[in-house]
Amino acid sequence: MSFLNETRRRRTFAIISHPDAGKTTLTEKLLLFSGAIQIAGSVKARKASRHATSDWMEIEKQRGISVASSVMQMLYRDHVVNLLDTPGHKDFSEDTYRVLTAVDSALMVIDAANGVEAQTRRLIEVCRQRDTPIITFVNKMDREVREPIELLDEIERELGMPCVPMTWPVGQGKTFAGIMNLRTQKMTVFESGSDRLNHDFDTIDLSDEATLTARFGHDYTLAKESMELVQGASPAFDKEAFLSGKQTPVFFGSGVNNFGVMEVLDALVDLAPAPQARQSSIMVNRQPVIKDIAPEDKAFAGVVFKVQANMDPSHRDRIAFVRMCSGKYTPGMKLKVQRTGKELRPTSVVTFMSQRREAVEEAYAGDIIGFTTHGGVQLGDTITDGASLQFTGLPFFAPEMFMTVVLKNPLRAKQLQQGLAQLGEEGAIQVFRPETGGAMLLGAVGQLQFEVVQHRLKTEYDADVRLEGCQYTGARWITADTPQELREFVNAYPIRMAHDAANALAYLCTSPYDVRLAQERFPKIHFHPLREHAGLALQAAG
């Protein structure tokens, strides 16, 4: 039995950008145009009762930013589109990096006034490492922005790959007149208003030059000249080059005005790849062997790329987000967590429309499904219906900042322990338990992570904490060739040793020189700035 027809209908992509480029707004509009929602929430209107569908956490509604990635599924043109909205803020980049391992393509949103910004560069680098195909949307063309040719030059430099315009703007800011669609050879005329749908916009054939010149004058002439200049200098669109991450199609528009959105949605269906084979590691004669798992394979296999606690505070639930890699899911299936060998019996399995959930009747490779769990599932876990394999490549980065957790009310110790365990497992922050006892340590990539965790501990677990600075400035996960060597190292540095949420052993540093000195003293110890899943925990335990 093959599920090829179903997997070919799937499109799974992430929206990435610098904060405030309009990513969450564009997410809303894609949902609106696909018919998944009837009314789009404004991300900026924090005091309004209507918030963005994809921003559900209380702190997101207060600050008007995304601090956790969210998953939404929609049907469009007989395709199942799985859309993952990621946090733009650099302090939550780990969540975004992990989401990028679960998608087949990315939609990069660029602010037309600011061009490629710092956080976008980081995300581009992750996409480049994985050769993830990127579709580019240049947003906010109705504002005073930079010249399109200048923007394309910058995107090409930053991406390190050619841009191929699929639409081209006529005018900008107050004179923004619309976009020329080079795929359909029509110009769509711009009108402002967030309630317009695609059929509300006028279109004119590009062959009707007399009408276009009469209506838009100098702006049209300039746009036509610059478009022809770019087309002459750019390669033609090559789907194979795009799919291998060597070319990006570019679209222009204004997300807040619903303009240029349908063209992006069509491109996701027409151009973006269906689910691809994914690398896994299987044990043969006690040695790991790399094997590709094809999406149309009969056996169910998926990987947990995100765990989120308390999406529904009244139920204190925990959802494991699973990217299906092969096979078919049906209710009541017997599943197994490969890390522990234990059977997984989720109380409910759902697909997502942000907070709204629907019970899964069937799902295929490319789909994102949520398992309600009560523990026993961690980030990076591989879940199958029996086959022994382990998907690789889910990154955990060494923290760059540390704080000590001090509980204000000692009677809430149990709530604090539960909160830290769950927030550590979901990857909201890295939690380290010192080998010699004492206060728990929180490790983060950015300061805002600490603020969010402090807020969530208080509101979701009723554990009011104070966070205090400590001497540690970094960490490295450690492994050794033999258990004896590892024991000797731990005995030499007992106060520097700590276990993370996956029980992997880490060495805590107070300066950049600590690792070098320890390495010189113990040359057979391996120091890792990146931890992939729980492999290190298993090695360390061994």
(message) side chain to side chain contact (heavy atoms under 4.5 Å, CB included) for Ile134 and Leu159? Distances and angles first, verdict last.
(response) CA-CA 9 Å; Ile134 299 172; Leu159 277 178; 3.7 Å; yes
Do [X] and [Y] make a side-chain contact, defined as non-hydrogen atoms from C-beta onward lying under 4.5 Å apart?
| X | Y | answer |
| --- | --- | --- |
| Ile149 | Leu229 | yes |
| Asp500 | Val431 | no |
| Leu442 | Met401 | no |
| Tyr329 | Val349 | yes |
| Tyr364 | Arg10 | yes |
| Ser34 | Val81 | no |
| Val264 | Leu268 | yes |
| Ile15 | Leu84 | no |

Is there a donor-acceptor pair under 3.5 Å between the side chain of [X] and the backbone N or O of [Y]?
| X | Y | value |
| --- | --- | --- |
| Asn114 | Asp111 | no |
| Thr132 | Arg128 | no |
| Gln185 | Leu182 | yes |
| Asn139 | Gly255 | yes |
| Asn257 | Gly193 | yes |
| His455 | Val453 | no |
| Ser234 | Val230 | yes |
| Thr12 | Gly366 | yes |

(request) For the pair Phe402 and Tyr472, name the ring-plane relationship: parallel under 30°, tilted 30 to 60°, perpendicular over 60°. (result)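 Because their plane-to-plane angle is over 60°, the rings of Phe402 and Tyr472 count as perpendicular.
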Run the side-chain donor-acceptor check on residues 162-170: report pairs under 3.5 Å with partners two or more places apart or on a different chain.
{"from": "Thr167", "atom 1": "OG1", "to": "Phe252", "atom 2": "N", "distance (Å)": "2.9"}
{"from": "Trp168", "atom 1": "NE1", "to": "Ala223", "atom 2": "O", "distance (Å)": "3.3"}
{"from": "Trp168", "atom 1": "NE1", "to": "Ser226", "atom 2": "OG", "distance (Å)": "3.0"}

(message) If we check side chain to side chain contact (heavy atoms under 4.5 Å, CB included) with Ile369, which of these qualifies: Val71, Val350, Val360?
(response)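 Result for side chain to side chain contact (heavy atoms under 4.5 Å, CB included) with Ile369: Val360.
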Answer with yes or no whether the side chains of [Y] and [X] bring together a donor and an acceptor at under 3.5 Å.
| X | Y | result |
| --- | --- | --- |
| Asn82 | Gln73 | yes |
| Lys186 | Asn181 | no |
| Asp266 | Tyr76 | yes |
| Thr248 | Thr136 | yes |

Lys/Arg-Asp/Glu bridge criterion (N-O < 4.0 Å) met for [X], [Y]:
| X | Y | value |
| --- | --- | --- |
| Arg8 | Glu296 | no |
| Asp78 | Arg9 | yes |
| Arg183 | Glu263 | no |
| Lys174 | Asp142 | no |

(message) Quick one, Ile135 with Met108, criterion side chain to side chain contact (heavy atoms under 4.5 Å, CB included). Give me CA distance, side-chain angles, the key distance, then yes/no.
(response) CA-CA 6 Å; Ile135 293 172; Met108 179 172 70; over 6 Å; no
Can you see which heavy atom on [X] is nearest to which on [Y], and at what distance?
| X | Y | answer |
| --- | --- | --- |
| Leu379 | Val307 | CD2-N, 3.7 Å |
| Phe391 | Gln279 | CD2-O, 3.3 Å |
| Gln247 | Pro235 | NE2-CG, 3.9 Å |
| Arg146 | Ala113 | CD-O, 3.2 Å |
| Ala444 | Gln449 | CB-OE1, 3.5 Å |
| Gly173 | Glu144 | CA-OE2, 3.5 Å |

(message) Check this for me: Arg143, atom CZ, are more than 12 non-hydrogen atoms of other residues, nucleotides or ligands nearer than 6.0 Å?
(response)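 No - once you tally the heavy atoms of other residues, nucleotides and ligands closer than 6.0 Å, there are 12 at most.
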(request) Using the test ring-ring contact (aromatic ring centres under 6.0 Å, His included), find all partners of Phe137 that sit at least two apart in sequence or belong to another chain. (result)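 Residues passing ring-ring contact (aromatic ring centres under 6.0 Å, His included) with Phe137: none at all.
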(message) Go through it in stages, so that I can follow the logic: the residues are Asp131 and Lys246, the test is salt bridge (charged side-chain N to carboxylate O under 4.0 Å, His left out), and I'd like the CA-CA distance, side-chain angles, deciding distance and then a yes or no.
(response) CA-CA 8 Å; Asp131 292 327; Lys246 294 181 174 63; 5.3 Å; no
(request) With Asp104 as reference, evaluate Gln276, Arg11, Arg323 under the side-chain hydrogen bond (donor to acceptor under 3.5 Å, both in side chains) test and give the passing residue. (result)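 Testing Asp104 for a side-chain hydrogen bond (donor to acceptor under 3.5 Å, both in side chains) against Gln276, Arg11, Arg323 leaves exactly one candidate, Arg323.
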(message) Checking Glu150 against Leu152 for the side chain to side chain contact (heavy atoms under 4.5 Å, CB included) test, could you report, in this order, the C-alpha distance in whole Å, the side-chain angles of both residues, the deciding distance, and whether it holds?
(response) CA-CA 6 Å; Glu150 185 189 332; Leu152 285 194; over 6 Å; no
(request) With side chain to side chain contact (heavy atoms under 4.5 Å, CB included) as the test, would you mind laying out the steps for Phe190 and Thr188 before giving the verdict? (result) CA-CA 6 Å; Phe190 174 72; Thr188 307; over 6 Å; no
(message) Is the distance between the ring centroids of Phe201 and Phe259 under 6.0 Å?
(response)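 Judged by ring-centre distance (under 6.0 Å), Phe259 and Phe201 do meet the cut-off.
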